[in-house]
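Remarks on the structure that follows.
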Amino acid sequence: MTLSSPTKRPALHRTVLGNGLTVLVIENAVADIVSARLLIKAGTGREARSQAGLFSLLASLLTKGTRHFSSMDIAEQVESVGASVGTDASVDYSLVSLKTVTADFEAILALVAEMVRYPSFPEAEFDLERHLTLQSLRSMKEQPFTLAFNALRAAMYGEHPYGLPGIGTEESVANLTRDDLEQAHQTFFRPDNCIMVVSGRIQPEPAIALTERYLGDWTAPDTAIPATRYPPVPTTATHVVIPQPTNQSILVLGYPTPAVHDPAYAVLKLLSTYLGNGLSSRLFVELREKRGLAYDVSAFYPTRLSHSQFVAHMGTAPENQAIALQGLRNEIERLGQEPLTKDELEATKNKLLGQYALGKQTNAQLGQLLGWYEVLGLGVEFDQVFQDTIRSITADQALAVGKRYFRDPFTVVLGPDLANG
């Protein structure tokens, strides 16, 4: 078995405009398409708890009106040329993206620049989006896994902004105002807080010139970007039981783990792949195939600027709840007691690196990844650093990281009343 070879990436050009906007251009002439993504280095992790859901609502309103265009105007301009424009808010950044044929790139870029710089947050659109968000929050109460995971997140993060759902809570969203959105926009949507990534059939010079034309006169305020200050997270593990009349019990375990800048990051990514990724993963084989305890089982370790969490979850029959919870924990913590075999380690590296390569096949995927690394302060070089680090991980390193982090998990059990105890 051999490790996946590094893949050749299209040429990358990086520059910073006079107003502080970082511009990445990835020239790829394979298809007559240009994708662009503007990443703003502020997301739900910047919200006060009383304003949870602020950036999600702000992002959704960007397409709903500007100083010159209504939401219908924006939709017609985008759809008339078959382009796409999207917005999103994540934990550590907000995003505005576009995709179009090369000939229409300038027109769509001009529209997106107008949306980002001059949103009008129309009152009627604001009320509608807030109403839709509140409906989504109410529907989440009928989703057992979401309920259990939200409880785990709240237990592990406490007052930290990562502790609340990205779309907020019913109380926080109900209290948000247009003034809150405008204030957040004025504070964080500024050129020196953004990364622009343009990828596709376009050369660096015209890509940079067009970005300069529509975003180059965007002036950064004299005030400094507010420093990020996160509150401490809980250090004592808890066990939460949520009685629900469900057909299966949902088990969720969370181990506090470090952020993306920690040396253990790549090892934890590898261990999450080994444990919970696919039909050959340890959790699937041991708990579902061999013991018949799991309806579904998986694990993940999200990339975070601040504290992260290593999460494993499982659906099981209520009568198997106790033994399944212990089995799930045992399989995770065994990683800190027994080293991976050579075959297990090499197979997991191949799986992770193969999936990593598949995740950046398109212009949009590659642009998203490299822009994200810039937002995280890692730089585009991290794309290669991460792959090289994965290839170099030894069984002893994996064992040491497992021993350090896989103990005393936070747990949440959701299921029928009689099965919870």
Side-chain angles (χ1 to χ4, degrees), residues 137-157 162-163 165 234 236-257 268-302 308-338 340 344 347-348 351-352 355 398 402-403 405-421:
L137 283 164
R138 290 169 190 138
S139 72
M140 284 168 57
K141 295 179 179 178
E142 300 172 0
Q143 301 167 18
F145 174 76
T146 301
L147 274 178
F149 181 66
N150 285 347
L152 179 79
R153 184 164 47 196
M156 294 186 72
Y157 284 110
Y162 288 1
T236 303
T238 57
H239 178 68
V240 177
V241 174
I242 305 175
Q244 286 277 312
T246 51
N247 293 325
Q248 62 174 287
S249 293
I250 306 297
L251 317 176
V252 191
L253 277 69
Y255 296 83
T257 42
L268 287 164
K269 279 293 186 187
L270 182 136
L271 293 179
S272 70
T273 300
Y274 172 71
L275 263 184
N277 188 326
L279 304 185
S280 63
S281 65
R282 172 183 279 184
L283 295 182
F284 191 90
V285 171
E286 296 295 332
L287 299 177
R288 180 181 164 92
E289 296 297 293
K290 292 184 179 178
R291 300 181 64 183
L293 288 173
Y295 295 126
D296 64 88
V297 62
S298 187
F300 59 90
Y301 166 58
S308 190
Q309 54 182 169
F310 193 103
V311 177
H313 60 92
M314 179 175 171
T316 190
E319 62 270 23
N320 291 330
Q321 183 176 285
I323 191 172
L325 182 63
Q326 190 59 52
L328 185 59
R329 181 172 176 177
N330 288 346
E331 292 303 329
I332 299 167
E333 297 179 11
R334 197 149 64 92
L335 290 171
Q337 299 157 4
E338 303 170 7
L340 298 180
E344 289 172 334
T348 305
K351 180 193 288 188
L352 193 161
Q355 293 177 345
K403 185 179 297 183
Y405 291 107
F406 296 151
R407 55 186 181 183
D408 301 327
F410 289 73
T411 58
V412 175
V413 175
L414 180 150
D417 289 357
L418 293 177
N420 290 314

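As the structure is a prediction and not an experimental result, all values here were calculated from the model.
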Test ring-ring contact (aromatic ring centres under 6.0 Å, His included) applied to Y274 - qualifying residues, sequence neighbours left out: none
By ring-ring contact (aromatic ring centres under 6.0 Å, His included) - contacts of F410 (at least two apart): none
T411 and R329, any side-chain heavy atoms less than 4.5 Å apart: no
Value rounded to 0.5 Å, distance of CG in N320 from CG in L251: 10.0 Å
Minimal non-hydrogen separation, L275 against A299, with atom names: CB-CB, 4.4 Å
Step-by-step side chain to side chain contact (heavy atoms under 4.5 Å, CB included) determination, E289 to L279: CA-CA 9 Å; E289 296 297 293; L279 304 185; over 6 Å; no
Heavy-atom donor-acceptor pair, T257 side chain to F310 backbone, under 3.5 Å: yes
Straight-line distance of I323 CD1 to R291 CZ, nearest 0.5 Å: 5.0 Å
Parallel, tilted or perpendicular: ring planes of Y162 versus Y157, cut at 30 and 60 degrees: perpendicular
Verdict with supporting geometry, V240 and L152, side chain to side chain contact (heavy atoms under 4.5 Å, CB included): CA-CA 8 Å; V240 177; L152 179 79; over 6 Å; no
Rounded distance (nearest 0.5 Å) linking atom OG1 of T238 with atom CE of M156: 9.0 Å
Ring center gap for H313 and F145 short of 6.0 angstrom: yes
Nearest-0.5 Å distance, CG of residue L147 to CE of residue M140: 7.5 Å
Residues, nucleotides or ligands: over 12 heavy atoms within 6.0 Å of N247 CG: no
Non-hydrogen atoms of Q248 and P416 that approach each other most closely: O-CD, 4.5 Å
Taking every non-hydrogen atom, the tightest pair across L414 and A148: CD1-N, 4.2 Å
Any residue meeting side-chain hydrogen bond (donor to acceptor under 3.5 Å, both in side chains) with S272, in chain and number order, not counting sequence neighbours: none
N/O donor-acceptor pair under 3.5 Å between R288 side chain and Y295 backbone: yes
Euclidean distance, I332 CD1 relative to R407 CZ, rounded to 0.5 Å: 15.0 Å
Verdict with supporting geometry, L325 and H239, side chain to side chain contact (heavy atoms under 4.5 Å, CB included): CA-CA 12 Å; L325 182 63; H239 178 68; 4.3 Å; yes
Pairing residues for E338 by the salt bridge (Lys or Arg N to Asp or Glu O under 4.0 Å) criterion, not counting sequence neighbours: R334
Shortest non-hydrogen contact between D408 and E333, atoms and distance: N-OE2, 4.3 Å
Side-chain donor/acceptor of K351 to backbone N/O of N277, under 3.5 Å: yes
Closest non-hydrogen atom pair between L283 and A312, with its separation: CD1-CB, 4.3 Å
Residues in ring-ring contact (aromatic ring centres under 6.0 Å, His included) contact with F284, at least two apart in sequence or another chain: none
Any donor-acceptor pair under 3.5 Å from R282 side chain to E331 backbone: yes
Approximate separation, where rounding is to 0.5 Å, of L352 CG and Q355 CD: 7.0 Å
Nearest heavy-atom neighbours spanning L293 and A324: CD1-CA, 4.2 Å
Contacts of Y255 that satisfy ring-ring contact (aromatic ring centres under 6.0 Å, His included) - sequence neighbours left out: F406
Beyond-backbone contact of F300 with S298, side-chain heavy atoms, under 4.5 angstrom: no
Residues L335, L340; criterion side chain to side chain contact (heavy atoms under 4.5 Å, CB included); working and verdict: CA-CA 7 Å; L335 290 171; L340 298 180; 3.7 Å; yes
Side-chain donor-acceptor contact under 3.5 Å, N330 with E286: no
